[in-house]
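Accompanying notes for the structure given below.
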Amino acid sequence: MTEDLDQNYARAKYHSPQTWGTRPALILIDFAKAYFDESQPLFGGEGCRTALENAKRLVPAARAAGIPVVFTEVRYTPGGADGGAFFAKVPALSCFEAGRDSQKLADGLSVEDGDILITKQYPSAFFATSLDATLRWLKVDTLLLTGVTTSGCVRATCIDSISYGFVTVVVSDAVGDRAVGPHEANLFDMSAKYADLCTSEEAIAYFANANHQKT
């Protein structure tokens with residue numbers, strides 16, 4: 001390569017901003033206790049804790065603005081037969097077997113009346129779930145993604161989100177990972193190709209100003 005990386009990305013017009021829509025939804029991806037309990041193999045440390053604290057600020061702002069709030073959870077039958085090759089590849093996914101405390105939603109978050117809960121077995125919130133159909137029924141055009149982990153289920157959901165035609169925004173301080181390197185690398189790559197990035201403060205301001213009247 002005869003040009004530096006910044007020049008290469010600029011020439012390709014990566015990181016081009018999108019026009020955000022007027023009917024957003026807030027997606028909270030897999031904020032399970034497994035990522036916040038030091039005794040669990042999926043414990044995510046400070047990066048995941050920061051994401052949770054910022055997500056907890058976004059939820060009431062979205063609800064107050066009448067914006068759909070969608071939680072996702074991973075849940076398997078005991079033994080993980082419904083997790084297929086993914087469950088076999090990552091033994092730590094046993095944390096999400098039904099009935100385990102580690103599978104439950106993290107402290108400080110709760111699914112309330114009017115919210116939506118999507119149960120999944122694979123990384124993307126769209127794969128083999130009703131999420132796309134639900135969002136289209138609600139006439140949603142823009143998704144703001146939060147959750148854990150940045151390099152895993154957030155990234156998988158991000159790619160499927162834009163593939164399904166949604167304007168996709170990743171709330172950069174409300175997604176987290178167990179290591180800074182994968183977190184930052186995946187934010188960079190999602191910004192380049194699939195999504196805009198915003199802060200939780202910017203997301204709250206967007207919620208307040210979005211024209212989200214039901215039709």
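Positions are given from 1 along the sequence. Values reported hereafter were calculated over all heavy atoms of this structure, with side chains retained and with hydrogens, waters and symmetry mates removed. Remember, predicted model here, so these are calculated numbers, not experimental data.
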* To do: Work out which heavy atom in Ser102 is nearest to a heavy atom in Cys95; give both atom names and the distance.
  => OG-O, 2.7 Å
* To do: Could you tell me whether the side chain of Tyr35 reaches within less than 4.5 Å of the side chain of Gln40, counting heavy atoms only?
  => no
* To do: Taking Thr72 for its side chain and Asp30 for its backbone only, find out whether a donor-acceptor pair lies under 3.5 Å.
  => yes
* Asp82 and Arg75: salt bridge (Lys or Arg N to Asp or Glu O under 4.0 Å), yes or no, with the steps? -> CA-CA 9 Å; Asp82 52 346; Arg75 188 172 75 224; over 6 Å; no
* To do: Quick one: do Thr150 and Asn186 satisfy side-chain hydrogen bond (donor to acceptor under 3.5 Å, both in side chains)? Show the steps, please.
  => CA-CA 7 Å; Thr150 314; Asn186 280 276; over 6 Å; no
* Side chain proximity check, Arg178 to Val148, heavy atoms < 4.5 angstrom -> no
* To do: Check the hydrophobic clustering (I, L, V, M, F, W, Y; side-chain heavy atoms under 4.5 Å; chains of links allowed) and say if Leu145 and Ile116 are grouped together.
  => yes
* Asked: Is any side-chain heavy atom of Asp189 closer than 4.5 Å to a side-chain heavy atom of Arg155?
  -> yes
* Asked: For Ala55 and Thr146, which heavy atoms make the closest approach, and how far apart are they?
  -> CB-OG1, 4.3 Å
* To do: Indicate yes or no for a side-chain donor-acceptor contact from Lys120 to the backbone of Pro123 under 3.5 Å, with no hydrogens or angles considered.
  => yes
* Within the side chain of Ser151, is there an N or O that forms a donor-acceptor pair under 3.5 Å with the backbone of His183? -> no
* Asked: With a 6.0 Å cut-off on ring centres, are Tyr164 and Phe126 close enough?
  -> yes
* Within 6.0 angstrom of Tyr14 OH, more than 12 heavy atoms from elsewhere -> no
* Does Val140 belong to the same Ile/Leu/Val/Met/Phe/Trp/Tyr cluster as Val167, with side-chain heavy atoms less than 4.5 Å apart forming each link? -> no
* Taking every non-hydrogen atom, the tightest pair across Leu58 and Ser200 -> CD2-O, 3.6 Å
* Between Arg63 and Glu112, is the closest basic N to carboxylate O distance under 4.0 Å? -> yes
* Are Leu109 and Leu42 grouped together when hydrophobic residues (ILVMFWY) are joined by side-chain heavy atoms under 4.5 angstrom apart? -> yes
* Asked: Is the closest side-chain heavy-atom distance between Leu105 and Glu73 below 4.5 Å?
  -> no
* To do: Start with the C-alpha gap between Arg23 and Thr142, add the side-chain angles, then the distance that decides, and say whether side chain to side chain contact (heavy atoms under 4.5 Å, CB included) holds.
  => CA-CA 6 Å; Arg23 299 183 67 92; Thr142 302; over 6 Å; no
* In Å and rounded to the nearest 0.5 Å, what is the CZ to OG distance from Arg100 to Ser94? -> 4.5 Å
* To do: Report the distance from atom SG of Cys153 to atom CD1 of Ile29, rounding to the nearest 0.5 Å.
  => 7.5 Å
* Structure fact -> dist Leu143:CG -> Leu135:CG (nearest 0.5 Å) comes out at 5.5 Å
* Closest approach of Cys198 to Val169 (non-hydrogen atoms, all atoms of both residues) -> SG-CG1, 3.7 Å
* Phe86 and Tyr76, any side-chain heavy atoms less than 4.5 Å apart -> yes
* Identify the residue among Thr50, Thr149, Asn54, Val170 that makes a side chain to side chain contact (heavy atoms under 4.5 Å, CB included) with Val175. => Val170
* **Ion pair check, Arg49 and Glu38, cut-off under 4.0 Å** => yes
* **Common cluster, Trp20/Leu26, ILVMFWY with side-chain heavy-atom separation under 4.5 Å** => yes
* Asked: Considering only heavy atoms from C-beta outward, does the side chain of Asp132 approach that of Phe166 to under 4.5 Å?
  -> yes
* Does Leu138 share a hydrophobic cluster with Leu117, counting links as ILVMFWY side-chain heavy atoms below 4.5 Å and allowing steps through other members? -> no
* Taking atom OG of Ser39 and atom NZ of Lys33, what is their separation to the nearest 0.5 Å? -> 11.5 Å
* To do: Give, for atom OG of Ser172 and atom CG of Asp196, the distance between the pair rounded to the nearest 0.5 Å.
  => 11.5 Å
* To do: Return yes if some donor-acceptor pair links the side-chain N/O of Thr168 with the main-chain N/O of Ala195 below 3.5 Å, else return no.
  => no
* Minimum heavy-atom distance Leu28-Val69, with the two atoms named -> CD1-CG1, 3.6 Å
* Is the gap between the ring centers of Tyr9 and Phe188 under 6.0 Å? -> yes
* Asked: What is the minimum heavy-atom distance between Ser110 and Phe71, and which atoms define it?
  -> O-CZ, 3.5 Å
* **Between CG on residue Leu144 and CD1 on residue Ile67, distance to nearest 0.5 Å** => 8.0 Å
* Side chains of Thr129 and Tyr122: does their closest heavy-atom pair fall under 4.5 Å? -> no
* Would you say the ring centroid of Phe36 lies under 6.0 angstrom from that of Phe43? -> no
* **Non-hydrogen side-chain atoms of Ser163 and Ile159 separated by less than 4.5 Å** => yes
* To do: Tell me, with the steps shown, if Thr199 and Asp173 meet side-chain hydrogen bond (donor to acceptor under 3.5 Å, both in side chains).
  => CA-CA 6 Å; Thr199 66; Asp173 57 359; 5.1 Å; no
